[in-house]
Amino acid sequence: QKEVEQDPGPLSVPEGAIVSLNCTYSNSAFQYFMWYRQYSRKGPELLMYTYSSGNKEDGRFTAQVDKSSKYISLFIRDSQPSDSATYLCAMDAGGTSYGKLTFGQGTILTVHP
Amino acid sequence: DGGITQSPKYLFRKEGQNVTLSCEQNLNHDAMYWYRQDPGQGLRLIYYSQIVNDFQKGDIAEGYSVSREKKESFPLTVTSAQKNPTAFYLCASSKGSRQREKVDTQYFGPGTRLTVL
């Protein structure tokens with residue numbers, strides 16, 4: 001079993017839809033939870049992160065972490081065609097492993113006009 | 001412009017040959033990383049370096065080697081011992097600072113796509 005599992009999709013939605021992207025993990029030591037966005041043939045870029053449990057909102061994006069269930073989510077409201085990309089969750093245990101990220105497989109999202 | 005450059009963008013190699021991928025950053029970052037990305041597998045850490053002249057193995061270091069002689073540069077050599085080297089290789093860098101409740105954001109280069117013929 002992989003430490004981080006992410007549904008690879010692909011996910012196809014109409015413009016304006018609410019998108020939910022999810023990851024589950026098995027390592028209870030993870031403390032930092034990140035979402036990266038990767039456009040085709042480009043390097044990933046950090047979208048947002050959460051430390052420990054809780055919610056974080058940034059514009060149309062909301063990240064949620066439930067450590068008791070080992071489950072994290074990224075919600076995209078009012079999705080736009082420019083949101084079409086691969087979304088990767090990533091996790092960091094901190095401590096001596098700080099900076100050593102474990103990534104999910106990535107979910108391919110397409111938003112249709 | 002500050003950023004991370006990787007070269008070449010596309011690389012073709014014959015079986016049995018070693019090849020070196022370049023990664024340079026002008027962000028004055030202490031930490032640098034190499035990842036491999038395969039379809040359906042996300043990113044996997046090959047090697048990382050938190051300071052000049054020091055580096056650690058990641059999860060899939062076998063068949064790869066690195067050096068960190070300068071702060072700005074972290075080249076990756078894919079050796080003939082790597083069984084399945086065809087992949088998309090990504091280099092990243094970060095400040096290397098550790099602050100509780102804050103991530104040390106990793107910034108990625110554009111990647112090098114390696115194909116073994």
Side-chain angles (χ1 to χ4, degrees), chain A residues 2-10 21-25 27 30-54 56 58 63 65 67 72 85-108, chain B residues 3-7 9-10 21 23 25 27 29-51 54-61 74 87-113:
Chain A
K2 294 183 178 180
E3 277 193 299
V4 179
E5 296 277 2
Q6 183 176 5
D7 185 347
L21 304 167
N22 311 293
C23 289
T24 59
Y25 62 95
N27 187 349
F30 287 140
Q31 298 184 63
Y32 300 86
F33 303 90
M34 289 148 274
W35 286 97
Y36 278 82
R37 178 175 60 195
Q38 183 178 25
Y39 291 112
S40 182
R41 301 185 182 275
K42 303 287 186 184
E45 57 179 346
L46 182 65
L47 198 56
M48 57 193 308
Y49 72 89
T50 307
Y51 172 73
S52 192
S53 283
K56 190 171 186 178
D58 184 2
V65 174
K67 291 190 75 177
I72 72 169
T86 296
Y87 290 80
L88 298 141
C89 63
M91 306 184 188
D92 186 337
T96 56
S97 299
Y98 190 83
K100 188 179 175 185
L101 303 184
T102 302
F103 282 84
Q105 299 95 315
T107 299
I108 301 170
Chain B
I4 302 174
T5 56
Q6 291 185 244
S7 61
K9 189 172 183 179
Y10 298 97
L21 281 58
C23 178
Q25 54 97 1
L27 299 169
H29 284 170
D30 285 319
M32 297 188 74
Y33 313 81
W34 273 106
Y35 293 90
R36 169 182 173 141
Q37 187 173 29
D38 296 280
Q41 295 202 46
L43 275 68
R44 291 181 290 169
L45 184 64
I46 304 172
Y47 268 99
Y48 63 107
S49 168
Q50 294 173 324
I51 197 168
D54 188 44
F55 50 83
Q56 289 79 40
K57 292 182 179 180
D59 299 319
I60 55 165
F74 191 40
F88 188 46
Y89 290 88
L90 288 157
C91 177
S93 72
S94 69
K95 289 182 180 178
S97 60
R98 297 180 176 218
Q99 292 182 288
R100 185 170 171 81
E101 300 188 22
K102 292 187 178 180
V103 297
D104 182 29
T105 303
Q106 294 186 19
Y107 297 87
F108 285 82
T112 292
R113 191 165 298 276

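So you know, we letter chains A, B, ... as the sequences are listed, proteins then strands, and number each from 1.
The side-chain heavy atoms of B:Y33 and A:L101, taken from C-beta on, include no pair separated by under 4.5 Å. Within the 4.5 Å cutoff, the side chain of A:L46 has heavy atoms near those of the B:V103 side chain. A heavy-atom distance below 4.5 Å is not found between the side chains of B:D59 and A:E3. Looking only at side-chain heavy atoms (C-beta outward), B:Q37 and A:Q38 come within less than 4.5 Å of each other.
At a 4.5 Å heavy-atom cutoff, A:Q6 makes no contact with chain B through either its backbone or its side chain. Looking at B:S97, only its backbone comes within 4.5 Å of chain A, counting heavy atoms on both sides. Proximity to chain A (any heavy atom under 4.5 Å) is shown, for B:L43, by both the backbone and the side chain. Neither the backbone nor the side chain of B:Q6 comes within less than 4.5 Å of any heavy atom in chain A.
Atom OH of B:Y107 has 12 or fewer heavy atoms from other residues, nucleotides or ligands within 6.0 Å. The 12-atom threshold is exceeded at NZ of A:K56, counting heavy atoms of other residues, nucleotides or ligands nearer than 6.0 Å.
With respect to chain B, the highest number of heavy-atom pairs below 4.5 Å among A:E45, A:K100, A:Q31, A:K42 belongs to A:K100. For the set A:P44, A:C89, A:G43, the count of heavy-atom pairs under 4.5 angstrom toward chain B peaks at A:P44. Among the candidates B:R44, B:K102, B:R113, the residue making the largest number of heavy-atom pairs closer than 4.5 Å to chain A is B:K102.
Here the closest heavy-atom approach between residue A:R41 and residue B:Y10 is recorded as NH1-OH, 4.0 Å. When all heavy atoms of A:Y32 and B:E101 are compared, the closest pair comes out as OH-N, 3.4 Å.
A distance of 5.0 Å separates CZ in A:F103 from OH in B:Y35, rounded to the nearest 0.5 Å. In this structure, OH on A:Y49 lies 10.5 Å from CG on B:D104, to the nearest 0.5 angstrom.
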